[in-house]
Amino acid sequence: MKRPWGVIIISYIFAFSSMLLLFSAIFYDADTDSMRSIAKRFALPNIPEQLMRAIVALFSLVMVYGYIQLKNGAFGQW
């Protein structure tokens with residue numbers, strides 16, 4: 001059975017957003033805007049913002065890989 005289009009579209013959008021988050025972890029100046037801090041949203045204000053963005057992005061990429069490699073029989077049929 002072929003993978004549905006919805007699964008493909010969601011996985012590609014999620015992969016793009018995690019790559020964008022990883023890119024922003026490298027080139028984003030976190031000291032200029034403290035209202036959008038991911039570290040504070042996860043209740044970890046002592047961790048540097050770039051490190052927290054990189055951790056969240058890499059975790060998201062691992063989730064995307066698992067979602068793309070999902071088999072049909074894992075949780076029943078599509």
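The analysis underlying the following values was restricted to heavy atoms, covering all of them including side chains, and did not include hydrogens, waters or symmetry mates.
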Fill in the blank from the handout: One should read off an interatomic distance between Q50 CD and I26 CD1, to the nearest 0.5 angstrom, of 10.0 Å
Practice task
Indicate if L22 and V64 have the same hydrophobic cluster label, given that clusters are the connected sets of ILVMFWY residues with side-chain heavy-atom separations under 4.5 angstrom.
Solution key: no
Problem - Co-membership, hydrophobic cluster, residues V56 and L58, 4.5 Å side-chain - result: no
Practice task
Would you confirm whether the ring centroid of F23 sits within less than 6.0 angstrom of the ring centroid of F27?
Solution key: yes
Completion exercise
Taken to the nearest 0.5 Å, the spacing of I13 CD1 from S17 OG works out to 8.5 Å
Problem - Rounded distance [0.5 Å steps], OG in S18 versus CZ in R53 - result: 13.5 Å
Practice task
Determine whether L21 and I55 fall in the same hydrophobic cluster, where Ile, Leu, Val, Met, Phe, Trp and Tyr are linked whenever their side-chain heavy atoms lie under 4.5 Å apart.
Solution key: yes
Practice task
Please report the shortest heavy-atom distance between S11 and I68, naming the atom on each side.
Solution key: CB-CG1, 3.6 Å
Problem - Cluster overlap F59 with F14, hydrophobic side-chain contacts below 4.5 Å - result: yes
